[in-house]
> 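Sharing a structure below in structure tokens format, with a few things to ask.
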Amino acid sequence: DINNQLTVLSGYLSLLEQDDGTVRSKDIVGILLDAAKNIHSMITFTSEYKDLGKHLPLWTNLYEAFQSVRSSVDAEGIQIEAESACQEIELFCDPMLMKVFHLLIENSLIQENAVSEITLRWRPENGGAIIVYGDNGTGIPETVKSTLFLPGKMKKNAYGLFLVHEILAIFDFTITETGTPGKGVRFEIGVPSGSFRIVKKKLL
């Protein structure tokens, strides 16, 4: 993927050097900047991906993990809340769970139509647990859902959701997108039995 972007850079730099007037310099600069941005994203993804599975799993409170990520995200004017019931559940997982929530929030924030609300909740199901992340944005088109978690398939955040899937897979968690297009995203994270526990509810 990086080589492809370098080919774009080399090709358009050659056009810029020739300056034969076939393509406006302003347009070429825009293409070069996009290619450089793509390479940066790929390198960042690679540096994060190589750390998968290096950490020992530990018990992590769902509410505290989400609130920690929430406080580190630049999302002025957007309501980002985990339901108080999320205080009752702890997950046995890789510390990179924090990265999952960061990437999901980032995915919401880059949507073309502004998201104003992001929520997190959970429910028990068939001996396991389902963590539900949702927003009130434009949602995911049905035509995209089958390839949503493959690398490079999204126009924006091309590797983010792939990384989310890979992180969750380390501790046998699953993720599916069950939202209605036009009504926001709804990611359901499946937690198997034995990978979560209920703790005494804390006071907010």
Side-chain angles (χ1 to χ4, degrees), residues 30 33-45 47-49 60-91 93-123 129-145 147-149 151-168 173 175-191 201-204:
L33 289 173
D34 285 342
K37 182 179 178 181
N38 289 338
I39 290 174
H40 178 267
S41 296
M42 293 169 190
I43 292 173
T44 300
F45 163 76
S47 66
E48 294 170 344
Y49 190 74
T60 303
N61 183 271
L62 177 60
Y63 183 89
E64 291 175 1
F66 190 74
Q67 290 298 101
S68 176
V69 174
R70 174 184 178 275
S71 64
S72 67
V73 173
D74 183 11
E76 185 178 353
I78 299 176
Q79 182 178 342
I80 304 177
E81 295 293 340
E83 291 188 352
S84 59
C86 291
Q87 297 176 91
E88 302 174 345
I89 182 173
E90 291 184 347
L91 309 174
C93 60
D94 190 296
M96 286 193 77
L97 177 69
M98 309 278 274
K99 186 64 177 178
V100 167
F101 292 138
H102 182 88
L103 289 167
L104 290 178
I105 292 173
E106 185 179 74
N107 184 71
S108 293
L109 297 182
I110 62 174
Q111 294 186 44
E112 292 181 0
N113 291 337
V115 167
S116 61
E117 182 179 326
I118 294 172
T119 59
L120 189 80
R121 58 187 186 276
W122 84 279
R123 68 175 188 270
I130 302 293
I131 301 167
V132 183
Y133 171 96
D135 69 33
N136 64 344
T138 56
I140 306 294
E142 291 292 347
T143 54
V144 175
K145 289 190 177 188
T147 59
L148 189 59
F149 300 106
K153 294 300 181 180
M154 298 293 288
K155 291 182 179 179
K156 298 180 180 180
N157 200 24
Y159 292 87
L161 292 179
F162 171 68
L163 186 56
V164 164
H165 181 275
E166 295 296 288
I167 293 172
L168 293 173
F173 289 12
I175 183 167
T176 54
E177 204 289 317
T178 61
T180 302
K183 296 185 178 181
V185 303
R186 179 186 171 94
F187 290 106
E188 296 195 358
I189 299 172
V191 181
K201 187 175 182 180
K202 303 174 184 178
L203 295 176
L204 288 171

> Which atoms form the tightest heavy-atom contact between Gly137 and Val115, and what is the distance?
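Gly137 and Val115 have their closest heavy atoms at CA-CG2, 3.7 Å.
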> Between CD of Glu81 and CZ of Arg70, what distance do you get to the nearest 0.5 Å?
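That separation rounds to 4.5 Å.
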> Report the distance from atom CG of Leu62 to atom CD of Glu88, rounding to the nearest 0.5 Å.
10.5 Å
> Please report the interatomic distance OG(Ser68) to CG(Asn61), rounded to the nearest 0.5 Å.
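Result: 11.5 Å between the selected atoms.
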> Rounded to the nearest 0.5 Å, what separation is found between the CD1 atom of Ile131 and the SG atom of Cys86?
7.5 Å
> Quick one: closest heavy-atom pair of Leu97 and Ile167, and the distance?
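Looking at all heavy atoms of both residues, the closest pair is N-CG2, 4.5 Å.
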> Apply side-chain contact (heavy atoms from CB on, under 4.5 Å) to residues Phe187 and Leu148 and explain how you reach the verdict.
CA-CA 11 Å; Phe187 290 106; Leu148 189 59; 3.8 Å; yes
> Looking only at heavy atoms, what is the nearest atom pair of Gly179 and Lys145, with distance?
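Taking Gly179 first and Lys145 second, the nearest heavy atoms are O-NZ, 2.5 Å.
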> Evaluate side-chain contact (heavy atoms from CB on, under 4.5 Å) for His102 paired with Val73, printing each intermediate quantity in order.
CA-CA 8 Å; His102 182 88; Val73 173; 4.0 Å; yes
> Quick one: pull up OH in Tyr133 and CG in Asn107 and give me the separation to the nearest 0.5 Å.
7.0 Å
> Do Glu83 and Thr119 have side-chain heavy atoms sitting under 4.5 Å apart?
no
> What distance do Ile118 atom CD1 and Asn136 atom CG have between them, rounded to the nearest 0.5 Å?
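Output value for this atom pair is 8.5 Å.
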> Less than 4.5 Å apart, side chain to side chain, heavy atoms only: is that true for Leu161 and Leu104?
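They are in side-chain contact.
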> What heavy-atom pair brings Ile130 and Gly190 nearest, and what distance separates the two atoms?
CD1-CA, 3.9 Å
> Look at the rings of Phe101 and Phe66 and say which category their plane angle falls in: under 30° parallel, 30 to 60° tilted, over 60° perpendicular.
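The rings of Phe101 and Phe66 stand perpendicular, inter-plane angle above 60°.
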> Which heavy atom of Gly160 sits nearest a heavy atom of Leu103, and at what distance?
O-CD1, 3.6 Å
> Could you report the tightest heavy-atom contact between Ser72 and Val69, atom names first, then the distance?
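Looking at all heavy atoms of both residues, the shortest contact is OG-O, 2.8 Å.
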> So does Arg123 pair up with Glu188, basic N to acidic O under 4.0 Å?
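Looking at Glu188 together with Arg123, the answer is yes, because their closest N to O distance falls below 4.0 Å.
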